Structures are given as C-alpha cells and as structure tokens.
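Okay, so here's the structure we're looking at.
Fair warning: this is a prediction, and the values are worked out from it, not measured in the lab. Just so we're on the same page: letters track the sequence lines, and every chain starts at 1.
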Protein chains: 2
Amino acid sequence: MAKKISLADIASSLGVSKTLVSLVVNNKGDAHGISKETQKKVREKIRELKYQPNELARGFRMGKTNTIGLIVSDISNRFYAKIARNIEDYAWQHGYTVIICSTDEQVEKEKEQIRLLMDRKVDGLIISSSQESPDFFNNLVEVGMPHVLIDRTFDQMKSPAVSVDNYAGARLAAQHLLSQGLQKIALVTITPEHISTISRRIDGFTHELAANGINLPPEWFIKVPFDNMEAVLSERLTSLSEANNLPEAIFTLNNNLTSVCLKCLRELSVSVPRQIALIGFDDVTFFSFTQPSVTAIAQPIDRISEKAFELLLQQFGKSQTAAKLQNTVLAVDIKIRESSLKPIPTYT
Amino acid sequence: MAKKISLADIASSLGVSKTLVSLVVNNKGDAHGISKETQKKVREKIRELKYQPNELARGFRMGKTNTIGLIVSDISNRFYAKIARNIEDYAWQHGYTVIICSTDEQVEKEKEQIRLLMDRKVDGLIISSSQESPDFFNNLVEVGMPHVLIDRTFDQMKSPAVSVDNYAGARLAAQHLLSQGLQKIALVTITPEHISTISRRIDGFTHELAANGINLPPEWFIKVPFDNMEAVLSERLTSLSEANNLPEAIFTLNNNLTSVCLKCLRELSVSVPRQIALIGFDDVTFFSFTQPSVTAIAQPIDRISEKAFELLLQQFGKSQTAAKLQNTVLAVDIKIRESSLKPIPTYT
DNA sequence: TTGAAAGCGCTAACAT
DNA sequence: ATGTTAGCGCTTTCAA
C-alpha cells in the first residue's frame, strides 16, 4: 500500500502550516481571510500530490463518522431490501454511508450489533428490532444515541419511530374477504409472535372477524417458525387437506409467508383462488406478475424510509436536547388482485 | 450524549498506566507478564465503569477499521440482496461489518463511492462494477487496495475475481429451447450491453443458436434500458404481436427482465408456455412459486459470496505482497420448470 | 511487572 | 493573513 499523502506532507512541501491547508481543504479559506493566491497554491499542490483527506482521522477528531447503521432481521427479505435501498439513497444525498446488519431475529445478536456500531461511533441508527421490550432503546435515548425505530415498535417506548397501521391493514384484509361471503378463514403467522407488527396484524384481523361473528378456530390459526416456514406450513396444510378441513381463505402475515403459502397450495394442487382465496400482508412487485396475481396489503416503503431518515437528521441537528418522541404511523393500502377474488374472474 | 469512559479514565481511577489497561483490554496481559491480581483489578474497574473501547480511535491508530465495502448496482435487486446477506454473514463471522453502496449503473457514482470508502479506510472492497474497462481496478491493485470483483469482470484485469460461467449458462438455455424443437427464438437484454455478464450471455446464446443453424433476427434481439424495462419491453412485444411476429420462445438475461417479461406477456394475454416458452438467466426463489413456475439458469450465490470473501481475507493476510490474480469461474445450473416446457405438461 | 512518551492525521483555540 | 500547539483515544516502542 503506497504511503498516503497527508496534510503535513502538502504543508511542508509548500512551507506553510497544516492549519492553512486544512482550512482550504474545507473551503474555509475565504472565511479566514486566506489570500486567493495561497489558496490557489495549496489547491495545486493538492492536485499534484493527489492528496485525499483521511476521513477516518477526521471522523475521529470531530466525533462524527458520517455513517449510519441499519439493523433489520434479514436484508435479503424483499421488504427490508427495499427499505435499505431507499435509506441508502437518502443517506448518500446527505453525505452518509450505511452499514447493514441482519439479526435473524436473534435479540442477543441485535444488541451486540448495535453495541459494536456504537463503539464504531456511527452517527445514528435505524432499527427494525426483534426485541420484546423497549428497555434497550429507552436507554439509548437516555444516553443520547440518535436512532429511530422502524416497522416494529413498542408500547411505552421513548424512541422516535415510524411504522404503518398494521391493525387497520389487517382489518382491511378481513373486510375484503368477508365482503365476498367467505367465512371459513385461516390465518398464517410466523413465530415469534411478540413482534409488534405481527401481533397487531393478528389483532386487527381477528377483531374484524369477531365483529362479524366469525371466530378463528385453533386449527386455522397456523403458526410457523421464522426460520422453517416451508416445511412446517406444508405439513399443516397437508394435514388439514387430508382431514378435509381446508379453509376457504387464507391471510398470510408477511410477504415470505405469502410466497411460501402459494407454493404449498400449488403442491397440494389446491387452486387459488378457486378453492382457497389468498391475501397477504406486505406487497412485493412480483405479486402483480404471478398467475394468479396476489392480493396484498401494501406498505409505503419509500415514505417509511424517508420519514425515518428525516427523524434521524432531526436528532443530528439539535445535538444536546434529547430526541423528542415522535411516533409516525403511516396508512396502508390494499391491492386487490386475482388471488383473493371469488368467483374467479374470467379472462378473454 | 453522556461522556464516554476512556482508557485514561479507568487508568487514572486505578492509579495505573494506560498501557497496562490497554494490554489487559486486548488480552495481552499474560503475554506481557502482568500480574493476575492487577489484571483482575483492571477488569473489575472496566465493568464498574462500563468501559467500551472506542473502536474508531483504535481503527485510526491501527490503520484497520474492520469494515468492508460492498458495491453493487442495486441492493434491492434479489440477486444482490442475497449476495449482500451472505457476505454480511461471512463478514460478521470474521469480525467485519459491511457498508453497502448502490451505483445504479452509474460509473461516476461508483468511482465516487469507492473513493469515499477508501478515504474512510475500509479494509477491503467487494465490487460488482458497472465500468467498461478494468483500468480503475488495475490501479487499485497497483496501490495495494484489497478488493475482489464479483459477478462482472473484465478481460485484462489484474484483480482477483469471482464470477459464473455466463457463456455456458446461456448455451444451456439455448440448448434447452432447441431440444424442444423451438426455432423462433427471441433474446431480451438490458442496456448497457458492455456489462461483462450481459455480453457473455448474449454471446453464449447466439453462438449456440448459430451452431444449430439458427440466427437471431434484429427484431427479436430486444434491448431495453436498465431503468425503464417495463415500458419499453411492453411496447416492443406489443408491436411484434400486432405484426403477428411473436417468437415461440424468449430468453431473458436477468431476473428482473424475466419478471417483467412474464408480466408483459400476461397483459398481452399470451399464454406461457403454450404460446411462448420463457427461460431466464438468474434464478430467484419466487420462480418456483409462480404459475407457471419459471425455468431459469441458477447462479451459486452462496459460493460466489463465500469465495469473494475468502479472496479478500487472503489479501488481508499477506499485507505487503500485491494481490495475486485469481479469477474463479463457477458453474451454473439450469432449473427446468414449467414456463419453458412444450408441450405443456399435464397436471392431475 | 509496570510506566512514559510518541504519534496515527486531523481540527480548532489561540497566538502573532 | 498565517502559524503554534494541544489533543481526540488508542497502541506501541523503549525504559525502568
């Protein structure tokens, strides 16, 4: 690795002070009344020697790294990948760079990652947490670490947050199914269920069903583990099928679940939507490409990212004051497509 | 932000030197003959004061940040999202953290990002480049910046790289189509075509067709811009359809293209595979869930990531020696599914 | 078995 | 209009 040119190098080779050079590098030359002439000399030397400021040293000195951390359960999940991309864009626009960490829903790993990023002095954190309580994050606001919680939030939390109205979204799904006269309805969720998004979707859906006099029998309240969806779901559906006890409709609580469910139904040769109507929470592009296209509750991914980044910037601004709680809840949409439509639409 | 405890704090509060504390923090106490007793005292104080080493300062001092940069065209693309996840895992296992940058195929942005990451002193770079020549990267090996090129590579490059056999993969696709007696075959590619993966796929496919006496007429060599696939492809297919000049089969050069093509065909009410057989380069989970399921050339994503990270670690090891060129080319697989099968398979 | 001091590259208060 | 100096928090000779 060729020795890097430093401020001192260009200063000494010019017979001026490091201060001077630093000033012009940071475009503070004029403000400090450094002569145009000297500035030009310095700039030329900088170009000649191909000087590049050591951002690490600068960050160290200024206590600011222009880096933010993004913590999610799995960056390869469509939803988070999109979020990541949007946040990366906003970050880049503001001169920040983003470090990504996937937790695999493991609370300890998540904490470890956050601690590491803090030790690395990232300026802020955007987190979709797998934790069960807000304690860890309340402590973060206590110590003044800028951060915002996204997607998954907590009651009693002190952190700024942005999420969507999961409860309303799930109700939308239930209403859509009910409006078509469907009564035998199943719910497929992942465990752990304590995740706020999941529990609110469950509540919204079951409440809406209950309000319409329908209850969700245990055998149609299907829980599959986060890391083994396909095998478990397949097994459950198969046994329901064999018992001749399949529902008429299924609501899946996230996009992975929706995909996996589609696949399982296919393998069981269950036709969607003819035999079973399907609707999922969380929309992905692909759902409009498939046959049948898939009905889904769509989250405003870009607005989530935008708001999250904005809340972070806000905290960077007022350095000393503790981050003020602001819990933004965004509305969701239902994208009605073929998979949930009974009777089946006819094509020309 | 509560004042952070530093090495000096715990040293002075114990009446010992920073050296001592540093040594025990880094588990070099025994090696340097520091008494068990003192070590214990230090460790207790560390716990009491909740001391956390400032990794930024440490990185600055040691010239090592334990951070690597991952540069791809778009982190929200399935393929790169998976790559990112795998690399993140390997990185985490080895104590590294990863910064992600999406270039949107913009060469200048890519260069800027790489320069910024270098100024931030990342230890290494893994790059799927959008550049047209290897010059920039050859220079990187010259200055001893550890990096590895993935996915897209260059002739005459001096950088370590890992890619897949795009040429062979495309031939596989052609052979599959030809083996079914299909003759009227179209190719859908993105522009810019200079990207190595793309050009090799084009070559492999057209060469295989040519070897079988089939040529690709210009109107079936469909080029759509990276950032406007759907509109353009739709327009082209529509006009072919109106001219009654649709092919019998289509080969799409990446997963986005495949999805988009599927959608366009649907909107044209063209049945896949009955009217047109479809096969795409690059497999994504979803392709096995759809109706029809989609035939694709599958890349060994995990092996790409693993090898890439390994090549990077290798460069970290032998610090002084220039990175030795190693261009790993991995084999691809064809996943034959319904979309490419003629006659259409029958289901029970 | 332990400590003093230098220094990584930069910025900023304080001279001059 | 420009320079001196101290110091961010850590590791690492070199001494004692």
Nucleotide nearest A/Asn54 (side chain, heavy atoms from C-beta), chosen from C/dG9, C/dA4, D/dG9 | C/dG9
A/Asp104 to A/Lys109 - nearest heavy-atom pair and separation = OD2-NZ, 3.7 Å
Pairwise ring pair (Phe, Tyr, Trp, His ring centres under 6.0 Å) hits with a residue in residues 30-83 of chain A, at least two apart = A/Phe60-B/Phe60
Could you state the atom-to-atom distance from CZ of B/Arg58 to P of C/dG7 in whole Å?
-> 22 Å
Rounded distance (Å) that lies between atom P of C/dC10 and atom CZ of B/Arg120 | 15 Å
Any donor-acceptor N/O pair, B/Thr67 side chain to B/Val122 backbone, under 3.5 Å = no
For atom NZ of B/Lys18 and atom P of D/dC8, their distance in whole Å | 9 Å
Checking D/dT11, C/dC10, C/dA5 against the side chain of B/Ser22 (C-beta onward), the nearest is D/dT11
Atom pair distance, as rounded to whole Å: CG in A/Leu7 and P in C/dA12 | 12 Å
Is it true that B/Phe316 and B/Tyr96 have ring centroids separated by less than 6.0 Å?
-> yes
What closest approach, in Å, do B/Gln156 and B/Asn138 show between heavy atoms, and which atom pair accounts for it?
-> O-ND2, 3.4 Å
Side-chain N or O of A/Arg61 closer than 4.0 Å to phosphate OP1/OP2 of C/dA12 | no
Could you identify which residues of residues 27-35 of chain A place a heavy atom less than 4.0 Å from some atom of DNA chain D, listed by residue number, or say none?
-> A/His32, A/Gly33, A/Ile34, A/Ser35
Nearest-neighbour nucleotide for the A/Leu20 side chain, C/dA12, D/dT12, D/dT2 considered | D/dT2
Ignoring backbone atoms, establish whether B/Ser6 has a side-chain N or O less than 4.0 Å from OP1 or OP2 of D/dG9.
-> no
Parallel, tilted or perpendicular: rings of B/Phe309 and B/His94 (30°, 60°) | tilted
When the distance from CZ of A/Phe60 to P of D/dT11 is rounded to whole Å, what number comes out?
-> 11 Å
Does the C/dA4 base have a donor-acceptor partner in the side chain of B/Thr19 within less than 3.5 Å?
-> yes
Spacing between A/Glu55 atom CD and D/dC8 atom P, to the nearest angstrom = 21 Å
Winner on side-chain proximity to A/Thr38, out of D/dT11, C/dC10, D/dT2, is D/dT2
Residue list, salt bridge (Lys or Arg N to Asp or Glu O under 4.0 Å) with A/Glu105, at least two apart or on another chain = A/Arg152
Protein-nucleotide distance (B/Glu37, atom CD; C/dT2, atom P), rounded to Å = 9 Å
Whole Å only: how far is the CG atom of B/Leu56 from the C1' atom of C/dC8?
-> 12 Å
